[in-house]
Amino acid sequence: MKFSIDQISRFNKQFRGIPPEEIISWAVNLSNKRIVTTSFGKYSAVLLSTFQRIDPMVKVIWCDTGFNLSETYEHANYLTNRYNLNLQTYVPKETRSYTEHRLGFPNVDEPGHKEFSDIVKLEPFRRALAEHQPEVWFTNIRIRQTALRSAKDILSLSNEGILKVSPFYYWTDDDLDDYLEAHELPKNSSYFDPVKALESRECGIHLQ
Ligand SMILES: Nc1ncnc2c1ncn2[C@@H]1O[C@H](COP(=O)(O)OS(=O)(=O)O)[C@@H](OP(=O)(O)O)[C@H]1O
């Protein structure tokens, strides 16, 4: 399954305005080598609950940096149990204590932040991709979140040629809030990721 840039752009035109569930139903049939990634962040319940109805055994990849707030661990446990997620958790190769000992807890503008990001999130994420070798990767990036994301679409290709599918790409925060309320889903309002740190930044996993 390989699509050309022209095919992807034709699909993107067709998919604009189509319900996310239809996009997911189409994409799950493309390959058995498919994953969903989750941060267990603010709106993570939206994509995970949708998959429960369409492809409940899909592999769900979570890179637990070790620096999540307890609210995020509670949210992760809640969604994992509620949807019986086929969760594949990836953790850093070194302990949080050792990382903190070496680098502290650097802010984005401090020199250690790049190494910190690589150790706690980017290396585990590369490891996950290397182990699962996905052909289709479902994520929840959305237009207007960052300049990079505004240049993408519902379908895009990673640098390695993985087909990335962002079924809620055109949805706003208000749309997602309405969805959570209508479906009685929890919102992880206090989510914070020290790697990403600012909403307008890329943590790096969508640069690969
Ligand atoms: N830690 C971790 N593990 C696995 N996958 C992750 C992780 N962080 C981000 N993501 C994936 O990226 C989607 C957008 O997340 P964010 O904008 O919050 O962060 S990031 O800049 O991408 O890190 C995000 O979608 P949601 O979790 O539904 O928000 C995931 O598909």
Side-chain angles (χ1 to χ4, degrees), residues 20 23-24 27 34-52 55 58-69 71-73 75-76 78-80 83 85-92 96 99 108 113-114 116-132 134 136-152 154-156 158-159 162-173 175-177 179-180 183 185-208:
I23 298 167
I24 296 171
R34 55 184 185 267
I35 59 167
V36 180
T37 54
T38 186
S39 61
F40 286 117
K42 199 189 282 185
Y43 294 112
S44 48
V46 172
L47 188 59
L48 296 174
S49 65
T50 311
F51 260 88
Q52 197 238 356
D55 186 15
V58 69
K59 287 177 196 159
V60 177
I61 308 290
W62 177 39
C63 297
D64 175 10
T65 59
F67 287 81
N68 282 302
L69 302 178
E71 289 85 347
T72 295
Y73 290 116
H75 191 68
Y78 174 80
L79 292 177
T80 303
Y83 298 124
L85 296 179
N86 180 6
L87 186 64
Q88 320 272 317
T89 305
Y90 285 80
V91 297
R96 173 176 174 157
T99 304
V108 280
H113 191 265
K114 193 168 181 300
F116 175 81
S117 302
D118 199 68
I119 286 171
V120 305
K121 189 161 177 184
L122 302 184
E123 184 285 323
F125 191 75
R126 287 194 298 273
R127 203 177 339 128
L129 291 186
E131 280 179 22
H132 295 284
V136 181
W137 165 12
F138 294 90
T139 180
N140 201 8
I141 61 165
R142 289 178 295 122
I143 192 169
R144 285 186 286 274
Q145 286 179 311
T146 68
L148 177 105
R149 295 180 193 189
S150 288
K152 304 280 180 192
I154 295 169
L155 302 186
S156 60
S158 78
N159 291 345
I162 306 167
L163 183 69
K164 288 175 74 170
V165 185
S166 308
F168 294 90
Y169 182 76
Y170 286 103
W171 287 41
T172 62
D173 282 4
D175 294 332
L176 295 180
D177 280 325
Y179 188 97
L180 289 179
H183 294 81
L185 294 168
K187 178 175 176 179
N188 183 5
S189 300
S190 58
Y191 178 70
F192 179 70
D193 172 1
V195 174
K196 185 176 174 82
L198 306 168
E199 299 247 320
S200 56
R201 276 189 82 246
E202 285 298 336
C203 79
I205 66 174
H206 295 288
L207 301 174
Q208 52 197 351

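Numbers here are sequence positions counted from 1. As the structure lists them, so they are numbered: ligands from 1, and atoms in each ligand from 1.
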- Task: Just do the ring pair (Phe, Tyr, Trp, His ring centres under 6.0 Å) check on W171 and Y43 with the steps written out, would you?
- Result: CA-CA 11 Å; W171 287 41; Y43 294 112; over 10 Å; no
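Using a 3.5 Å distance cut-off with no hydrogens or angles, the side chains of Y191 and N68 do not pair a donor with an acceptor. Checked by atom type, the side-chain pair K152/H206 shows no donor-acceptor distance below 3.5 Å. Side chain to side chain, D175 and Y170 fail the donor-acceptor criterion of an N or O pair below 3.5 Å.
Between E123 and R127, at least one side-chain N (NZ, or NE/NH1/NH2) sits under 4.0 Å from a carboxylate O, which counts as a salt bridge.
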Ligand 1: which protein N/O atoms lie under 3.5 Å from its N/O atoms?
{"from": "ligand 1", "atom 1": "1 (N)", "to": "C63", "atom 2": "O", "distance (Å)": "2.9"}
{"from": "ligand 1", "atom 1": "3 (N)", "to": "T38", "atom 2": "O", "distance (Å)": "3.1"}
{"from": "ligand 1", "atom 1": "3 (N)", "to": "C63", "atom 2": "N", "distance (Å)": "2.9"}
{"from": "ligand 1", "atom 1": "5 (N)", "to": "T38", "atom 2": "O", "distance (Å)": "3.3"}
{"from": "ligand 1", "atom 1": "8 (N)", "to": "K121", "atom 2": "NZ", "distance (Å)": "3.0"}
{"from": "ligand 1", "atom 1": "12 (O)", "to": "H206", "atom 2": "NE2", "distance (Å)": "2.8"}
{"from": "ligand 1", "atom 1": "17 (O)", "to": "R149", "atom 2": "NH1", "distance (Å)": "2.7"}
{"from": "ligand 1", "atom 1": "17 (O)", "to": "R149", "atom 2": "NH2", "distance (Å)": "3.3"}
{"from": "ligand 1", "atom 1": "17 (O)", "to": "K196", "atom 2": "NZ", "distance (Å)": "3.2"}
{"from": "ligand 1", "atom 1": "21 (O)", "to": "R149", "atom 2": "NH2", "distance (Å)": "3.0"}
{"from": "ligand 1", "atom 1": "21 (O)", "to": "K196", "atom 2": "NZ", "distance (Å)": "3.0"}
{"from": "ligand 1", "atom 1": "21 (O)", "to": "C203", "atom 2": "N", "distance (Å)": "3.3"}
{"from": "ligand 1", "atom 1": "22 (O)", "to": "R149", "atom 2": "NH2", "distance (Å)": "3.1"}
{"from": "ligand 1", "atom 1": "22 (O)", "to": "H206", "atom 2": "NE2", "distance (Å)": "3.3"}
{"from": "ligand 1", "atom 1": "23 (O)", "to": "K121", "atom 2": "NZ", "distance (Å)": "2.8"}
{"from": "ligand 1", "atom 1": "27 (O)", "to": "S39", "atom 2": "N", "distance (Å)": "2.7"}
{"from": "ligand 1", "atom 1": "27 (O)", "to": "S39", "atom 2": "OG", "distance (Å)": "2.7"}
{"from": "ligand 1", "atom 1": "31 (O)", "to": "T37", "atom 2": "O", "distance (Å)": "2.9"}
{"from": "ligand 1", "atom 1": "31 (O)", "to": "T37", "atom 2": "OG1", "distance (Å)": "2.6"}
{"from": "ligand 1", "atom 1": "31 (O)", "to": "T139", "atom 2": "OG1", "distance (Å)": "2.7"}

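Panel note: side chain T37, backbone I61; no donor-acceptor pair is recorded below 3.5 Å.
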